[in-house]
Amino acid sequence: MGKRPRIQQFAPYEIWGREIEADAIRQMDNACTLPISIQGALMPDAHMGYGLPIGGVLAVKDAVIPYAVGVDIACRVKMSVLDLAFDRFEALQEPFRAALEQGTRFGMGESFKRPHNHRVMDEDWTFCPTVKGLKDKAWQQLGTSGSGNHFAEFGLLTLSAAEMGLEPGNYLALLTHSGSRGAGAAIAKHYSTLARRLHPELPKHLSDLAWLDLDRSEGLEYWKAMELMGRYSSANHDIIHQSVLSHLGAVSVLTLENHHNFAWKMQCGDEEVIVHRKGATPADRGVLGVIPGSMATPGFVVRGLGNTRALNSAAHGAGRKMSRNAAIKQFSRKDLNRFLEKKGVTLVSAGLDEVPMAYKDILDIMAQQKDLVETIARFDPKLVKMAEPDGKGRRKQKR
DNA sequence: ATGTCC
(Lines give C-alpha, C1' and ligand atoms only; values in the text may rest on other atoms or scores of the structure.)
Protein backbone atom coordinates (compact mmCIF):
# COMPACT_ATOMS: atom_id res chain seq x y z
CA MET A 1 0.00 0.00 0.00
CA GLY A 2 2.76 2.41 -0.98
CA LYS A 3 0.28 4.91 -2.34
CA ARG A 4 -0.95 5.85 1.10
CA PRO A 5 0.10 9.27 2.35
CA ARG A 6 2.87 9.07 4.92
CA ILE A 7 1.96 12.36 6.49
CA GLN A 8 -0.95 12.33 8.94
CA GLN A 9 -3.96 13.77 7.23
CA PHE A 10 -7.26 14.82 8.69
CA ALA A 11 -10.36 13.57 7.00
CA PRO A 12 -13.25 16.03 7.23
CA TYR A 13 -16.41 15.21 9.14
CA GLU A 14 -19.61 16.96 10.11
CA ILE A 15 -21.66 16.56 13.25
CA TRP A 16 -25.44 16.31 13.22
CA GLY A 17 -27.18 17.34 16.37
CA ARG A 18 -26.38 19.17 19.53
CA GLU A 19 -25.21 18.01 22.92
CA ILE A 20 -23.04 15.16 21.74
CA GLU A 21 -20.73 14.02 24.52
CA ALA A 22 -17.12 15.15 24.27
CA ASP A 23 -15.81 11.56 24.37
CA ALA A 24 -17.71 10.65 21.20
CA ILE A 25 -16.36 13.71 19.39
CA ARG A 26 -12.83 12.90 20.54
CA GLN A 27 -13.21 9.36 19.17
CA MET A 28 -14.45 10.70 15.85
CA ASP A 29 -11.55 13.19 15.74
CA ASN A 30 -9.17 10.29 16.31
CA ALA A 31 -10.77 8.17 13.60
CA CYS A 32 -10.33 10.98 11.10
CA THR A 33 -6.57 11.08 11.71
CA LEU A 34 -6.09 7.54 10.40
CA PRO A 35 -4.08 7.48 7.16
CA ILE A 36 -6.86 5.43 5.51
CA SER A 37 -9.70 7.82 6.46
CA ILE A 38 -11.44 9.77 3.69
CA GLN A 39 -14.52 11.26 5.34
CA GLY A 40 -16.58 10.88 8.50
CA ALA A 41 -19.95 11.88 9.91
CA LEU A 42 -21.38 11.87 13.43
CA MET A 43 -25.08 11.15 13.89
CA PRO A 44 -27.27 12.97 16.45
CA ASP A 45 -27.63 9.88 18.69
CA ALA A 46 -23.84 9.46 19.00
CA HIS A 47 -22.15 8.32 22.18
CA MET A 48 -18.87 6.68 23.12
CA GLY A 49 -18.06 3.15 21.95
CA TYR A 50 -14.99 0.96 21.34
CA GLY A 51 -12.80 2.69 18.75
CA LEU A 52 -15.42 4.47 16.66
CA PRO A 53 -18.32 6.02 18.61
CA ILE A 54 -21.82 4.54 18.33
CA GLY A 55 -23.47 6.79 15.77
CA GLY A 56 -20.15 7.18 13.94
CA VAL A 57 -19.83 6.85 10.17
CA LEU A 58 -16.42 6.50 8.56
CA ALA A 59 -15.35 6.15 4.93
CA VAL A 60 -11.90 4.68 4.38
CA LYS A 61 -9.84 3.51 1.43
CA ASP A 62 -9.09 -0.17 0.71
CA ALA A 63 -9.49 -1.32 4.32
CA VAL A 64 -12.01 -2.35 6.94
CA ILE A 65 -11.91 -1.55 10.67
CA PRO A 66 -13.54 -4.31 12.76
CA TYR A 67 -14.36 -1.93 15.63
CA ALA A 68 -15.90 0.55 13.18
CA VAL A 69 -18.40 -2.15 12.24
CA GLY A 70 -19.02 -2.94 15.88
CA VAL A 71 -19.02 -5.94 18.18
CA ASP A 72 -22.52 -6.96 17.13
CA ILE A 73 -21.78 -7.34 13.42
CA ALA A 74 -24.92 -6.75 11.35
CA CYS A 75 -27.05 -5.71 14.29
CA ARG A 76 -30.33 -5.02 12.63
CA VAL A 77 -34.00 -4.05 13.00
CA LYS A 78 -36.98 -5.61 11.24
CA MET A 79 -40.62 -4.57 11.11
CA SER A 80 -43.54 -6.69 9.94
CA VAL A 81 -46.85 -4.95 9.37
CA LEU A 82 -49.58 -7.47 10.19
CA ASP A 83 -52.86 -8.37 8.59
CA LEU A 84 -54.54 -8.05 12.00
CA ALA A 85 -56.45 -4.93 12.96
CA PHE A 86 -54.89 -2.91 15.77
CA ASP A 87 -58.25 -2.95 17.59
CA ARG A 88 -58.02 -6.71 17.96
CA PHE A 89 -54.66 -6.38 19.67
CA GLU A 90 -55.98 -3.70 22.01
CA ALA A 91 -58.94 -5.81 22.99
CA LEU A 92 -56.92 -8.86 24.00
CA GLN A 93 -53.16 -8.63 24.44
CA GLU A 94 -52.58 -12.01 26.07
CA PRO A 95 -52.06 -14.05 22.85
CA PHE A 96 -49.57 -11.44 21.69
CA ARG A 97 -47.65 -11.66 24.93
CA ALA A 98 -47.57 -15.43 24.59
CA ALA A 99 -46.33 -15.09 21.00
CA LEU A 100 -43.41 -12.91 22.15
CA GLU A 101 -42.66 -15.29 25.01
CA GLN A 102 -42.67 -18.37 22.81
CA GLY A 103 -41.46 -16.97 19.51
CA THR A 104 -37.96 -15.91 20.59
CA ARG A 105 -35.53 -16.16 23.49
CA PHE A 106 -33.66 -13.43 25.29
CA GLY A 107 -30.45 -13.42 27.26
CA MET A 108 -26.76 -13.84 26.72
CA GLY A 109 -25.87 -17.34 25.54
CA GLU A 110 -29.50 -18.27 24.89
CA SER A 111 -30.00 -20.89 22.20
CA PHE A 112 -32.33 -23.61 20.99
CA LYS A 113 -31.51 -27.28 21.58
CA ARG A 114 -33.48 -28.13 18.48
CA PRO A 115 -32.28 -25.48 16.05
CA HIS A 116 -34.44 -23.77 13.47
CA ASN A 117 -33.72 -24.46 9.84
CA HIS A 118 -32.72 -21.72 7.48
CA ARG A 119 -30.95 -21.68 4.12
CA VAL A 120 -28.21 -19.46 5.57
CA MET A 121 -26.93 -22.59 7.31
CA ASP A 122 -26.41 -24.20 3.88
CA GLU A 123 -23.91 -21.51 2.95
CA ASP A 124 -20.14 -21.97 3.12
CA TRP A 125 -19.11 -21.64 6.77
CA THR A 126 -15.76 -23.37 6.16
CA PHE A 127 -13.76 -20.58 4.49
CA CYS A 128 -11.84 -19.90 7.69
CA PRO A 129 -11.33 -21.80 10.97
CA THR A 130 -12.89 -19.07 13.13
CA VAL A 131 -16.16 -19.05 11.21
CA LYS A 132 -16.17 -22.84 10.86
CA GLY A 133 -15.86 -23.25 14.62
CA LEU A 134 -18.85 -20.98 15.18
CA LYS A 135 -21.32 -22.66 12.85
CA ASP A 136 -22.95 -24.91 15.46
CA LYS A 137 -23.36 -22.09 17.97
CA ALA A 138 -24.78 -19.84 15.26
CA TRP A 139 -27.26 -22.51 14.22
CA GLN A 140 -28.46 -23.03 17.79
CA GLN A 141 -28.86 -19.28 18.27
CA LEU A 142 -30.99 -18.74 15.16
CA GLY A 143 -34.19 -17.11 16.35
CA THR A 144 -32.77 -15.61 19.55
CA SER A 145 -32.83 -11.97 20.53
CA GLY A 146 -29.82 -11.58 22.84
CA SER A 147 -29.64 -8.87 25.48
CA GLY A 148 -28.69 -5.24 26.00
CA ASN A 149 -30.87 -2.93 23.91
CA HIS A 150 -32.36 -5.78 21.87
CA PHE A 151 -36.13 -6.24 21.91
CA ALA A 152 -39.21 -7.77 20.33
CA GLU A 153 -42.38 -5.69 20.50
CA PHE A 154 -45.82 -5.11 19.12
CA GLY A 155 -46.96 -1.59 18.49
CA LEU A 156 -49.13 0.83 16.61
CA LEU A 157 -47.87 1.91 13.21
CA THR A 158 -49.48 5.17 12.12
CA LEU A 159 -49.44 6.32 8.52
CA SER A 160 -50.78 9.80 7.96
CA ALA A 161 -50.48 9.45 4.18
CA ALA A 162 -50.46 6.54 1.74
CA GLU A 163 -46.97 5.01 1.76
CA MET A 164 -45.28 1.71 0.91
CA GLY A 165 -48.46 0.49 -0.78
CA LEU A 166 -50.48 0.98 2.41
CA GLU A 167 -53.45 3.27 2.89
CA PRO A 168 -53.26 5.93 5.59
CA GLY A 169 -54.39 4.55 8.96
CA ASN A 170 -53.48 2.49 11.98
CA TYR A 171 -51.69 -0.85 11.69
CA LEU A 172 -50.45 -3.47 14.10
CA ALA A 173 -46.74 -4.14 13.60
CA LEU A 174 -44.03 -6.36 15.06
CA LEU A 175 -40.63 -4.73 15.52
CA THR A 176 -37.47 -6.64 16.49
CA HIS A 177 -33.90 -5.62 17.24
CA SER A 178 -31.27 -8.35 17.23
CA GLY A 179 -28.00 -9.18 15.55
CA SER A 180 -25.44 -11.87 14.87
CA ARG A 181 -25.37 -13.03 18.51
CA GLY A 182 -22.44 -15.05 19.85
CA ALA A 183 -21.01 -15.89 16.44
CA GLY A 184 -20.79 -12.26 15.36
CA ALA A 185 -19.26 -11.26 18.68
CA ALA A 186 -16.59 -13.95 18.41
CA ILE A 187 -15.76 -12.92 14.84
CA ALA A 188 -15.53 -9.28 15.89
CA LYS A 189 -13.23 -10.19 18.73
CA HIS A 190 -11.00 -12.40 16.59
CA TYR A 191 -10.48 -9.87 13.81
CA SER A 192 -10.15 -6.80 16.01
CA THR A 193 -7.37 -8.61 17.90
CA LEU A 194 -5.75 -9.59 14.60
CA ALA A 195 -6.00 -6.02 13.28
CA ARG A 196 -4.38 -4.66 16.43
CA ARG A 197 -1.56 -7.18 16.09
CA LEU A 198 -0.99 -6.19 12.47
CA HIS A 199 -0.71 -2.53 13.46
CA PRO A 200 1.74 -2.32 16.37
CA GLU A 201 2.75 1.13 15.15
CA LEU A 202 -0.58 2.66 16.14
CA PRO A 203 -0.51 4.79 19.28
CA LYS A 204 -2.69 3.66 22.18
CA HIS A 205 -5.52 6.08 21.43
CA LEU A 206 -5.84 4.61 17.92
CA SER A 207 -5.26 0.92 18.62
CA ASP A 208 -8.99 0.14 18.78
CA LEU A 209 -9.24 1.57 15.25
CA ALA A 210 -6.75 -0.91 13.79
CA TRP A 211 -7.72 -1.97 10.29
CA LEU A 212 -7.38 -4.89 7.90
CA ASP A 213 -6.26 -4.23 4.32
CA LEU A 214 -8.78 -5.41 1.76
CA ASP A 215 -6.01 -6.46 -0.64
CA ARG A 216 -4.74 -8.97 1.91
CA SER A 217 -6.19 -12.30 2.97
CA GLU A 218 -7.04 -11.14 6.52
CA GLY A 219 -9.16 -8.27 5.25
CA LEU A 220 -10.88 -10.36 2.60
CA GLU A 221 -11.60 -13.05 5.18
CA TYR A 222 -13.11 -10.54 7.62
CA TRP A 223 -15.20 -9.07 4.80
CA LYS A 224 -16.52 -12.50 3.88
CA ALA A 225 -17.28 -13.28 7.53
CA MET A 226 -18.96 -9.90 8.01
CA GLU A 227 -21.17 -10.44 4.97
CA LEU A 228 -22.09 -13.92 6.17
CA MET A 229 -23.02 -12.41 9.55
CA GLY A 230 -25.17 -9.93 7.60
CA ARG A 231 -27.18 -12.75 6.04
CA TYR A 232 -27.18 -14.68 9.32
CA SER A 233 -28.57 -11.71 11.25
CA SER A 234 -31.24 -11.25 8.59
CA ALA A 235 -32.08 -14.96 8.89
CA ASN A 236 -32.25 -14.54 12.68
CA HIS A 237 -34.94 -11.87 12.30
CA ASP A 238 -36.68 -14.03 9.67
CA ILE A 239 -36.99 -16.87 12.16
CA ILE A 240 -38.11 -14.61 15.00
CA HIS A 241 -40.86 -13.05 12.87
CA GLN A 242 -41.93 -16.40 11.45
CA SER A 243 -42.13 -17.93 14.92
CA VAL A 244 -43.93 -15.03 16.59
CA LEU A 245 -46.42 -14.66 13.76
CA SER A 246 -47.10 -18.38 13.52
CA HIS A 247 -48.13 -18.40 17.20
CA LEU A 248 -50.77 -15.84 16.25
CA GLY A 249 -51.75 -17.27 12.90
CA ALA A 250 -50.91 -13.84 11.54
CA VAL A 251 -49.41 -12.89 8.19
CA SER A 252 -47.31 -9.87 7.35
CA VAL A 253 -48.44 -7.58 4.57
CA LEU A 254 -45.17 -5.63 4.50
CA THR A 255 -41.68 -6.06 5.93
CA LEU A 256 -38.92 -3.50 6.38
CA GLU A 257 -35.42 -4.09 7.68
CA ASN A 258 -31.94 -2.67 7.79
CA HIS A 259 -28.53 -3.20 9.33
CA HIS A 260 -27.10 -0.47 11.49
CA ASN A 261 -23.71 -2.05 12.34
CA PHE A 262 -22.02 -2.88 9.05
CA ALA A 263 -19.64 -1.78 6.29
CA TRP A 264 -20.52 -1.23 2.65
CA LYS A 265 -18.65 -0.48 -0.56
CA MET A 266 -19.82 2.90 -1.80
CA GLN A 267 -18.98 5.15 -4.70
CA CYS A 268 -17.72 8.48 -3.36
CA GLY A 269 -17.09 10.85 -6.25
CA ASP A 270 -14.87 8.89 -8.62
CA GLU A 271 -13.41 6.54 -6.03
CA GLU A 272 -14.77 3.50 -4.25
CA VAL A 273 -14.64 3.73 -0.48
CA ILE A 274 -15.58 1.48 2.41
CA VAL A 275 -18.28 3.13 4.51
CA HIS A 276 -18.59 1.87 8.09
CA ARG A 277 -21.83 2.61 9.88
CA LYS A 278 -21.63 1.79 13.56
CA GLY A 279 -25.02 2.48 15.04
CA ALA A 280 -26.13 4.41 11.98
CA THR A 281 -28.97 3.76 9.54
CA PRO A 282 -28.31 3.57 5.80
CA ALA A 283 -30.06 6.59 4.27
CA ASP A 284 -29.31 6.45 0.57
CA ARG A 285 -31.82 8.42 -1.48
CA GLY A 286 -35.18 6.68 -1.49
CA VAL A 287 -34.09 3.83 0.80
CA LEU A 288 -36.47 2.92 3.63
CA GLY A 289 -35.24 2.32 7.17
CA VAL A 290 -36.51 1.90 10.71
CA ILE A 291 -35.26 4.03 13.60
CA PRO A 292 -36.61 2.79 16.95
CA GLY A 293 -36.84 5.05 19.99
CA SER A 294 -36.97 3.20 23.31
CA MET A 295 -39.38 0.74 24.97
CA ALA A 296 -41.91 3.50 25.57
CA THR A 297 -41.14 6.23 23.05
CA PRO A 298 -41.90 6.19 19.34
CA GLY A 299 -39.80 4.87 16.50
CA PHE A 300 -40.00 5.97 12.89
CA VAL A 301 -40.05 4.53 9.41
CA VAL A 302 -37.86 6.81 7.34
CA ARG A 303 -36.88 7.36 3.75
CA GLY A 304 -33.27 8.36 3.08
CA LEU A 305 -32.48 11.66 1.43
CA GLY A 306 -29.03 10.59 0.24
CA ASN A 307 -27.08 13.36 1.96
CA THR A 308 -23.50 12.68 0.89
CA ARG A 309 -22.10 14.98 3.60
CA ALA A 310 -23.46 12.39 6.05
CA LEU A 311 -22.25 9.56 3.80
CA ASN A 312 -25.93 8.71 3.19
CA SER A 313 -26.56 7.87 6.83
CA ALA A 314 -28.84 8.72 9.74
CA ALA A 315 -29.19 7.97 13.47
CA HIS A 316 -30.11 4.43 14.50
CA GLY A 317 -32.14 5.32 17.57
CA ALA A 318 -32.52 7.82 20.37
CA GLY A 319 -29.04 7.17 21.76
CA ARG A 320 -28.21 6.75 25.42
CA LYS A 321 -27.79 9.86 27.47
CA MET A 322 -26.42 8.02 30.50
CA SER A 323 -24.57 4.78 31.16
CA ARG A 324 -26.35 1.57 32.12
CA ASN A 325 -24.96 1.78 35.64
CA ALA A 326 -26.06 5.40 36.02
CA ALA A 327 -29.57 4.47 34.87
CA ILE A 328 -29.84 1.59 37.37
CA LYS A 329 -28.64 3.91 40.14
CA GLN A 330 -30.90 6.79 39.26
CA PHE A 331 -34.22 5.08 38.48
CA SER A 332 -36.46 2.63 40.31
CA ARG A 333 -39.05 0.13 39.07
CA LYS A 334 -41.65 2.58 40.30
CA ASP A 335 -40.22 5.34 38.08
CA LEU A 336 -40.26 2.98 35.13
CA ASN A 337 -43.80 1.75 35.79
CA ARG A 338 -45.05 5.32 36.06
CA PHE A 339 -43.49 6.15 32.69
CA LEU A 340 -44.89 3.00 31.06
CA GLU A 341 -48.37 3.68 32.39
CA LYS A 342 -48.28 7.26 31.13
CA LYS A 343 -47.36 6.00 27.65
CA GLY A 344 -49.77 3.05 27.69
CA VAL A 345 -47.00 0.47 27.28
CA THR A 346 -47.05 -3.04 28.75
CA LEU A 347 -43.58 -4.35 29.54
CA VAL A 348 -43.10 -8.11 29.58
CA SER A 349 -39.53 -7.89 30.84
CA ALA A 350 -36.47 -5.60 30.79
CA GLY A 351 -33.71 -4.34 33.04
CA LEU A 352 -33.68 -0.88 34.58
CA ASP A 353 -30.63 -0.08 32.45
CA GLU A 354 -33.02 0.17 29.50
CA VAL A 355 -35.45 2.69 31.05
CA PRO A 356 -36.68 5.20 28.45
CA MET A 357 -35.45 8.00 30.72
CA ALA A 358 -31.85 6.87 30.04
CA TYR A 359 -32.28 7.76 26.36
CA LYS A 360 -32.18 11.08 24.55
CA ASP A 361 -35.47 12.49 23.23
CA ILE A 362 -36.13 10.68 19.94
CA LEU A 363 -38.29 13.55 18.65
CA ASP A 364 -35.34 15.84 19.20
CA ILE A 365 -33.03 13.41 17.38
CA MET A 366 -35.42 13.25 14.42
CA ALA A 367 -35.62 17.05 14.33
CA GLN A 368 -31.84 17.20 14.11
CA GLN A 369 -31.65 15.01 11.02
CA LYS A 370 -34.31 16.48 8.75
CA ASP A 371 -31.69 16.81 6.02
CA LEU A 372 -30.79 13.10 6.29
CA VAL A 373 -34.17 11.33 6.28
CA GLU A 374 -37.85 12.10 5.88
CA THR A 375 -40.33 10.49 8.26
CA ILE A 376 -43.06 8.46 6.61
CA ALA A 377 -44.63 6.58 9.53
CA ARG A 378 -44.61 6.51 13.33
CA PHE A 379 -44.42 3.39 15.47
CA ASP A 380 -45.58 3.47 19.10
CA PRO A 381 -44.53 0.40 21.16
CA LYS A 382 -47.39 -1.17 23.12
CA LEU A 383 -46.18 -4.59 24.29
CA VAL A 384 -42.44 -4.92 24.80
CA LYS A 385 -40.10 -7.76 25.65
CA MET A 386 -36.41 -7.34 26.43
CA ALA A 387 -33.88 -9.45 28.33
CA GLU A 388 -34.45 -9.93 32.06
CA PRO A 389 -32.24 -7.80 34.33
CA ASP A 390 -30.07 -10.80 35.19
CA GLY A 391 -29.26 -11.24 31.53
CA LYS A 392 -31.64 -14.10 30.90
CA GLY A 393 -34.88 -13.79 29.03
CA ARG A 394 -37.23 -16.22 30.63
CA ARG A 395 -39.36 -15.55 33.63
CA LYS A 396 -38.02 -17.31 36.68
CA GLN A 397 -40.98 -16.50 38.86
CA LYS A 398 -44.68 -16.79 38.37
CA ARG A 399 -45.86 -13.32 37.45
C1' DA B 1 -23.02 -6.56 22.48
C1' DT B 2 -21.22 -11.26 24.28
C1' DG B 3 -20.58 -15.61 28.45
C1' DT B 4 -17.31 -17.87 31.38
C1' DC B 5 -9.46 -15.35 28.47
C1' DC B 6 -5.86 -10.96 31.47
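Here is how names work: the chains are called A, B, and so on, in the same order as the sequence lines, proteins then strands, and each is numbered from 1.
Residue A:Lys189 places no side-chain N or O under 4.0 Å from the OP1 or OP2 atom of B:dG3.
What separates CD1 of A:Ile73 from C1' of B:dT2 is a distance of 12 Å, to the nearest Å. Following rounding to the nearest Å, A:His177 (NE2) and B:dT2 (C1') show an atom-to-atom distance of 14 Å. Note: OH (A:Tyr232) to P (B:dT2) measures 11 Å, nearest angstrom. Nucleotide B:dT2 holds its P atom 20 Å from the OH atom of A:Tyr191, rounded to whole Å. Summarising the geometry, the separation between CE on A:Met108 and C1' on B:dT4 is reported as 9 Å, rounded to the nearest angstrom. What separates CG of A:Asp72 from P of B:dG3 is a distance of 10 Å, to the nearest Å. Rounded to whole angstrom, the span from the CD atom of A:Gln141 across to the C1' atom of B:dT2 amounts to 9 Å. Here the P atom of nucleotide B:dC5 and the CZ atom of A:Arg197 are 18 Å apart, to the nearest Å.
Using a 4.0 Å heavy-atom cutoff across all strands shown, A:Tyr67 reaches no nucleic acid atom at all. No contact: A:Lys278 has no heavy atom under 4.0 Å from any strand.
For A:Thr158, the side chain to side chain donor-acceptor pair (under 3.5 Å) test picks out no residue, with sequence neighbours left out.
Annotation: side chain of A:Leu228 is in contact with side chain of A:Phe127 (closest heavy-atom distance under 4.5 Å).
With values rounded to the nearest 0.5 angstrom, A:Lys343 atom NZ is found 7.5 Å from A:Thr297 atom OG1.
In this model, no donor atom of one side chain and acceptor atom of the other lie less than 3.5 Å apart for A:Thr33 and A:Asn30.
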